[in-house]
Amino acid sequence: MDEFIMLSALQHYAFCPRQCALIHVEQVWTENAQTARGQQQHERAHGGGTEERGGVRTMRALPLVSRVHGLMGVADVVELLPDGSPRPVEYKSGRAKPRLADEVQLCAQAMCLEEMFSTDVPAGFIYHSASHKRREVAFTPELRRAVLDARDGVRELLRTRVLPPPAADARCELCSLKDECEPFAPRDFPRGFDPFSTRLDE
Ligand code: SF4
């Protein structure tokens, strides 16, 4: 049986396969202001427990699994509507990421919930703390396909353990691993090697 893939790895892969490999293969992680803020929010959201308001039951830090799709992780928040159907809500500290990375992670949560609750989950929400607003994300066939493509991509990374080439584009400005990744370094030299620091007489 294929190994289960973490939902967070899907988000990293959909954002940048190299970021995913740095975190999940090379175990590199750094914290910048944004990831620290995001971590605090996740800890608040992951405080666990349930509460009910207006007929909607809110469950925090709900473990998720899909045996069909080989996915597992933890949802920040899942709201149970009065009819008993679940809606995932993912908390994000920064701006919306390019390449639908957050949407892929949220849709993967929904695919787990569909299996766990034996129901359809057509949409969920991403809550942006900067604006204190949440936006609805529809789980289209294309987004569901993107989840499975990301899952297969992560599996391949874990199997081959090969670091993909850098994106070297606008994503790198948003990336907490920019210093470790060195996306714009000359690729003819090994990572971390600085030819200008080498003296010829040594
Ligand atoms: S710095 Fe750029 S290439 Fe490197 S992991 Fe981040 S997004 Fe990917």
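Every number for a ligand or one of its atoms is a count from 1 in the order of the listing.
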Trainee: Heavy-atom count around Arg155 CZ within 6.0 Å, excluding the residue itself: above 12?
Mentor: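 Atom CZ in Arg155 is packed in, count exceeds 12.
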Trainee: With Arg60, which of Val74, Val77, Thr50 fulfils side-chain contact (heavy atoms from CB on, under 4.5 Å)?
Mentor: Val77
Trainee: Considering only non-hydrogen protein atoms, determine which one is nearest to atom 2 (Fe) of ligand 1 and report residue, atom name and distance to 0.1 Å.
Mentor: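 Nearest neighbour among protein heavy atoms for atom 2 (Fe) of ligand 1, to 0.1 Å: Cys172 SG, 2.3 Å.
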Trainee: Is there a donor-acceptor contact under 3.5 Å linking the side chains of Ser66 and Glu115?
Mentor: yes
Trainee: How many angstroms lie between atom NE2 of His12 and atom CD of Gln19, to the nearest 0.5 angstrom?
Mentor: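 Taking NE2 in His12 and CD in Gln19, the distance rounds to 5.0 Å.
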Trainee: Between His128 and Arg135, is any side-chain donor less than 3.5 angstrom from a side-chain acceptor?
Mentor: yes
Trainee: Going by the order shown, which atoms of ligand 1 are within less than 4.0 Å of some heavy atom of Lys178?
Mentor: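 The list of qualifying atoms is 1 (S).
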Trainee: If you have a sec, work out which protein heavy atom is nearest atom 4 (Fe) of ligand 1 and how many Å separate them, to one decimal?
Mentor: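 Atom 4 (Fe) of ligand 1 sits closest to the protein heavy atom Cys181 SG, 2.3 Å.
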Trainee: Tell me which protein heavy atom sits closest to atom 3 (S) of ligand 1, plus the residue, atom name and distance to 0.1 Å.
Mentor: Ala167 N, 3.0 Å
Trainee: Is the closest side-chain donor-acceptor distance between Tyr13 and His24 under 3.5 Å?
Mentor: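 Tyr13 vs His24: no donor-acceptor pair found between side chains.
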Trainee: Under 6.0 Å from the ring centre and within 45 degrees of the ring axis: does the NZ or CZ of Arg134 meet both conditions for the six-membered ring of Tyr127?
Mentor: no
Trainee: Enumerate the atoms of ligand 1 whose separation from the nearest heavy atom of Cys175 is less than 4.0 angstrom.
Mentor: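 The atoms of ligand 1 under 4.0 Å from a heavy atom of Cys175 are 1 (S), 5 (S), 6 (Fe), 7 (S).
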Trainee: How does Pro183 reach ligand 1, if at all, at less than 4.0 Å between non-hydrogen atoms: by side chain, backbone, both, or neither?
Mentor: side chain
Trainee: Closer than 4.0 Å to some heavy atom of Gln19 - which atoms of ligand 1 meet that?
Mentor: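 Ligand 1 atoms under the 4.0 Å threshold to Gln19: 5 (S).
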Trainee: In terms of atom number and element, which parts of ligand 1 are under 4.0 angstrom from non-hydrogen atoms of Pro166?
Mentor: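 So the atoms of ligand 1 that pass are 3 (S).
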Trainee: Under 4.0 Å, heavy-atom basis, I'd like to know which part of Cys16 is in contact with ligand 1: side chain, backbone, both or neither.
Mentor: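 The part of Cys16 near ligand 1 is the side chain, not the backbone.
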